[in-house]
Amino acid sequence: MPTRNAEAEWKGNLAEGSGRLKVGSGAFDGPYSFKSRFEEGQSATNPEELIGAAHAGCFTMALTAQLSRAGIRPTRIHTDANVKLEKVGEGFSITRIELDTEAPMSGPLP
């Protein structure tokens, strides 16, 4: 199995600095900041958003595999991930990830 990689770089102090997150495949390279992590309406990403995308992607592929093994053909599977970041003690923690999946079916495999 391949080893996947990603990287993060930060410049400046925490509140006013900014950084970039980049995946090894080149499919994503984008900014993140304190504001994009802790405030609504920012145009940059954040680690929790990327964790949510990864979780939704893994779950959706695993569900597709299980349905296929059962002879069920989904026409489309769509999963939303809601990642809750909260202050816990002195730091912050992901306290919940909720997945909401929609999967219309077209019938059994031929």
Novice: Determine whether Leu85 and Arg37 satisfy the following criterion, side chain to side chain contact (heavy atoms under 4.5 Å, CB included), listing intermediate values before the conclusion.
Specialist: CA-CA 9 Å; Leu85 179 69; Arg37 192 165 189 199; 4.1 Å; yes
Novice: Do the non-hydrogen side-chain atoms of Tyr32 and Ser18 ever get within less than 4.5 Å of each other?
Specialist: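 No; the side chains remain at least 4.5 Å from each other.
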Novice: Could you check whether any side-chain N or O of Lys84 sits under 3.5 Å from a backbone N or O of Glu86, counting only pairs where one atom can act as donor and the other as acceptor?
Specialist: no
Novice: Using a 4.5 Å cut-off on heavy atoms from C-beta on, say whether the side chain of Leu50 contacts that of Leu21.
Specialist: yes
Novice: With heavy-atom distances below 4.5 Å as the criterion, would you say the side chains of Asn13 and Phe34 are in contact?
Specialist: no
Novice: Would you check, one step at a time, whether the test salt bridge (charged side-chain N to carboxylate O under 4.0 Å, His left out) holds for Glu102 with Arg76?
Specialist: CA-CA 8 Å; Glu102 179 183 300; Arg76 176 182 155 275; 3.0 Å; yes
Novice: Set out, in order, the CA-CA distance, both residues' side-chain angles and the distance that settles side chain to side chain contact (heavy atoms under 4.5 Å, CB included) for His78 and Asp80, then state yes or no.
Specialist: CA-CA 7 Å; His78 178 89; Asp80 287 319; 3.1 Å; yes
Novice: Mind checking whether Arg4 and Pro2 have side chains closer than 4.5 Å, heavy atoms only?
Specialist: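 With C-beta onward as the side chain, the pair touches.
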Novice: Using distance alone, with no hydrogens and no angle criterion, decide if Thr79 and Thr101 have a side-chain donor and acceptor under 3.5 Å apart.
Specialist: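 Yes, Thr101 and Thr79 have a side-chain donor paired with an acceptor closer than 3.5 Å.
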Novice: Any chance you could measure Arg20, atom CZ, to Glu9, atom CD, to the nearest 0.5 Å?
Specialist: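 Output value for this atom pair is 9.0 Å.
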Novice: Which atom pair, heavy atoms only, marks the closest approach of Ala56 to Ala81?
Specialist: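 What the structure gives for the nearest pair is CB-CB, 4.1 Å.
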Novice: If you count the non-hydrogen atoms of other residues, nucleotides and ligands that lie under 6.0 Å from CD in Glu16, is the total more than 12?
Specialist: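 No, CD of Glu16 has 12 or fewer neighbouring heavy atoms, counting only those of other groups under 6.0 Å.
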Novice: Keeping Thr64 on the side-chain end and Thr60 on the backbone end, is there a donor-acceptor pair under 3.5 Å?
Specialist: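 Present.
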Novice: So, the side chain of Asp29 versus the backbone of Lys22: is there a donor-acceptor pair under 3.5 Å, distance only?
Specialist: no
Novice: For the side chain of Ser25 and the backbone of Ala27, is there at least one donor-acceptor N/O pair under 3.5 Å apart?
Specialist: yes
Novice: Tell me whether the count of non-hydrogen atoms from other residues, nucleotides or ligands lying under 6.0 Å of NZ in Lys11 goes above 12.
Specialist: no
Novice: Closest heavy-atom contact between Ile77 and Ala103?
Specialist: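 That closest heavy-atom pairing would be CG1-CB, 3.8 Å.
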Novice: Quick one: pull up CZ in Phe92 and CD in Glu48 and give me the separation to the nearest 0.5 Å.
Specialist: 10.0 Å
Novice: Give the intermediate values and the outcome of side chain to side chain contact (heavy atoms under 4.5 Å, CB included) for residues Ile51 and Ile94.
Specialist: CA-CA 10 Å; Ile51 288 169; Ile94 291 173; 3.8 Å; yes
Novice: Under 4.5 Å between side-chain heavy atoms, counting indirect links through other Ile/Leu/Val/Met/Phe/Trp/Tyr residues: same cluster for Trp10 and Val23 or not?
Specialist: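 Yes, Trp10 connects to Val23 through the hydrophobic network.
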Novice: Output the distance between atom OG (Ser33) and atom CD (Gln42), rounded to the nearest 0.5 Å.
Specialist: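 One finds 6.0 Å between OG of Ser33 and CD of Gln42.
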Novice: Between the main-chain N or O of Pro104 and the side-chain N or O of Thr75, is there a donor-acceptor pair closer than 3.5 Å?
Specialist: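 Yes; at least one donor-acceptor contact below 3.5 Å.
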Novice: Could you tell me whether the side chain of Asn82 reaches within less than 4.5 Å of the side chain of Leu99, counting heavy atoms only?
Specialist: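 Not in contact.
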